[in-house]
There are 2 protein chains.
Amino acid sequence: MRGRPTIYEDSNIIKKAQEVFWQKGYSATSLSDLQKATGAGAGSFYNTFKGGKKEVFKKAIEERRLAFDAFKNELAKSDSPLELIKDFFRSIAEADTNEHLKGCIIANTVVEMTYIDEDLEANAVQILKEVEQMFTATIKTEQTKGNIQSKTSPEILGKYLITFWCGINTLRRMYPDKKILKDQIEMQLAVIS
Amino acid sequence: MRGRPTIYEDSNIIKKAQEVFWQKGYSATSLSDLQKATGAGAGSFYNTFKGGKKEVFKKAIEERRLAFDAFKNELAKSDSPLELIKDFFRSIAEADTNEHLKGCIIANTVVEMTYIDEDLEANAVQILKEVEQMFTATIKTEQTKGNIQSKTSPEILGKYLITFWCGINTLRRMYPDKKILKDQIEMQLAVIS
DNA sequence: CTATTTATGTATCAATCATTACAAAAATAA
DNA sequence: TTATTTTTGTAATGATTGATACATAAATAG
């Protein structure tokens with residue numbers, strides 16, 4: 001292959017940019033912020049990502065979708081998928097303060113991008129719906145197996161969990177406190193049993 | 001009183017500005033947006049609000065706190081305060097699409113302003129905590145009166161309601177749909193009974 | 001009337017915004 | 001070697017940002 005060698009790998013730029021977007025959101029993150037965080041100058045940046053800021057944001061979001069897909073694969077292999085989901089919620093309490101304050105980049109994006117960017121908004125909403133769908137499907141199966149006593153429909157319980165996910169996205173900023181969050185999570189998970 | 005008469009009333013500027021902030025958030029709202037929405041030019045704007053954009057945003061938030069205080073007064077006078085709170089949640093489902101997409105300006109601010117403006121962030125968090133406290137106090141009283149069967153502590157149930165409030169702030173953007181939201185709200189309120 | 005006061009509208013400010021232009025650097029192919 | 005290709009760093013772009021300067025308008029006080 002010809003040409004000057006790349007020193008700023010695409011995946012690395014996205015990773016570094018993701019952290020900034022995650023903390024500051026889309027609008028408040030400037031190109032200057034991204035250049036500082038990634039080390040790449042405007043030349044490299046726009047040479048790599050013709051779509052500029054928005055393309056990098058999309059890729060950062062896409063990276064999160066992959067993490068979700070990985071979890072969904074774990075879930076498919078698991079013989080106690082409900083416990084896996086519950087442990088996923090329980091693990092929130094164990095996060096450090098920065099993670100609490102950052103919250104979920106997808107849920108943040110839904111809140112931020114309404115009336116700002118229809119495209120980014122719809123994409124984030126879609127991802128949350130897929131997570132919800134994963135919850136719903138798991139609950140449906142477990143109900144059939146008799147592993148859940150609740151007679152509430154899996155659709156409503158699935159929405160209950162995604163609502164909880166979005167709710168705790170704010171609660172953990174109000175109380176970035178392990179003990180408080182732990183108790184709260186256990187109480188809410190008890191509804192699915 | 002001497003001087004040219006005011007044609008852009010403070011309260012009216014704040015009201016118009018609030019709608020823009022509510023839809024677009026703080027960062028994405030420009031002075032140009034505010035001038036278009038309020039009709040006031042830069043002269044009037046900065047003559048009235050020396051603190052500029054941030055001062056107007058603070059006042060817009062403060063206006064919401066007053067709305068909350070009014071509700072709290074209603075609650076104090078009510079002889080079925082728990083029903084009043086539940087009806088408040090139920091009324092969310094009746095809102096129009098624009099209201100769904102706007103969500104709660106306080107919850108939105110908590111999500112947006114983390115790592116952006118410590119001052120605005122802390123202020124919004126404080127308001128949510130006051131709402132939570134109102135939930136908690138009401139639940140405590142109603143539990144003592146025997147109007148709530150649940151033995152879960154009022155602190156946890158109060159946090160459950162504020163978490164629900166923040167969660168539905170996102171859910172209503174995913175599903176700005178009366179029927180879906182209504183079912184979801186009823187299911188979640190059933191926990192407090 | 002004149003002086004004073006306050007609000008308004010417009011022009012302008014420096015700073016920052018996202019993006020582009022372009023020459024130099026650094027590799028490979030021939 | 002030389003030509004070609006790609007990345008990089010820097011300078012510059014025009015647009016927009018939040019905010020200020022200032023002359024004028026429009027009222028009241030004396």
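Chain A is the first sequence line, chain B the second, and so forth, proteins listed ahead of strands; every chain is numbered from 1.
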Whole Å only: how far is the CZ atom of A:F49 from the C1' atom of D:dT7?
-> 14 Å
Presence of salt bridge, B:R65 and B:E130, under 4.0 angstrom | yes
Output every pair passing ring-ring contact (aromatic ring centres under 6.0 Å, His included) with a member in residues 111-133 of chain B, not counting sequence neighbours, ordered by first then second residue.
-> none
What residues form a ring-ring contact (aromatic ring centres under 6.0 Å, His included) with A:W22, not counting sequence neighbours?
-> none
Would you please name every residue forming a salt bridge (charged side-chain N to carboxylate O under 4.0 Å, His left out) with B:K129, sequence neighbours left out?
-> none
In B/S/- notation, 5' to 3', how is nucleotides 12-23 of chain D contacted by protein heavy atoms closer than 4.0 Å?
-> -----SSBB---
Separation between CD1 (B:I116) and OG1 (B:T109), nearest 0.5 Å, reads 12.0 Å
Would you say the side chains of B:D33 and B:S30 form a donor-acceptor pair under 3.5 Å?
-> yes
Residues 157-193 of chain B vs ring-ring contact (aromatic ring centres under 6.0 Å, His included), sequence neighbours excluded, gives B:F88-B:W165, B:F89-B:F164
Does any donor atom in the side chain of A:E155 or A:T136 lie under 3.5 Å from an acceptor atom in the other side chain?
-> no
Distances under 3.5 Å only, N/O to N/O: pair up the protein atoms with those of nucleotides 23-26 of chain C.
{"residue": "C:dA25", "atom": "O4'", "partner": "A:R4", "partner atom": "NH1", "Å": "3.4"}
{"residue": "C:dA26", "atom": "N3", "partner": "A:R4", "partner atom": "N", "Å": "3.4"}

Between C:dC17 atom P and A:F57 atom CZ, what is the distance in whole Å?
-> 17 Å
Expected list for residues 12-20 of chain B near DNA chain C, using heavy atoms below 4.0 Å, is none
Apply side-chain contact (heavy atoms from CB on, under 4.5 Å) to A:E83 and list each qualifying residue two or more places apart in sequence or on a separate chain.
-> A:S80, A:K86, A:D87, A:R90
Taking salt bridge (charged side-chain N to carboxylate O under 4.0 Å, His left out) as the test, write out the residues that go with A:E142, two or more places apart.
-> A:K145
Residues in salt bridge (charged side-chain N to carboxylate O under 4.0 Å, His left out) with B:K50, at least two apart?
-> none
Would you please enumerate the stems DNA chain D participates in, each stem being three or more consecutive Watson-Crick or G-U wobble pairs with both distances under 3.5 Å?
-> C:1-30 with D:1-30
Nearest of C:dG9, C:dT28, D:dT8 to any side-chain atom of A:R2?
-> C:dT28
Using salt bridge (charged side-chain N to carboxylate O under 4.0 Å, His left out) as the criterion, list what pairs up with B:E118, not counting sequence neighbours.
-> none
Lys/Arg-Asp/Glu bridge criterion (N-O < 4.0 Å) met for A:E19, A:K102 = yes
Rounded to whole angstroms, how far apart are CD on B:E9 and P on C:dA7?
-> 12 Å
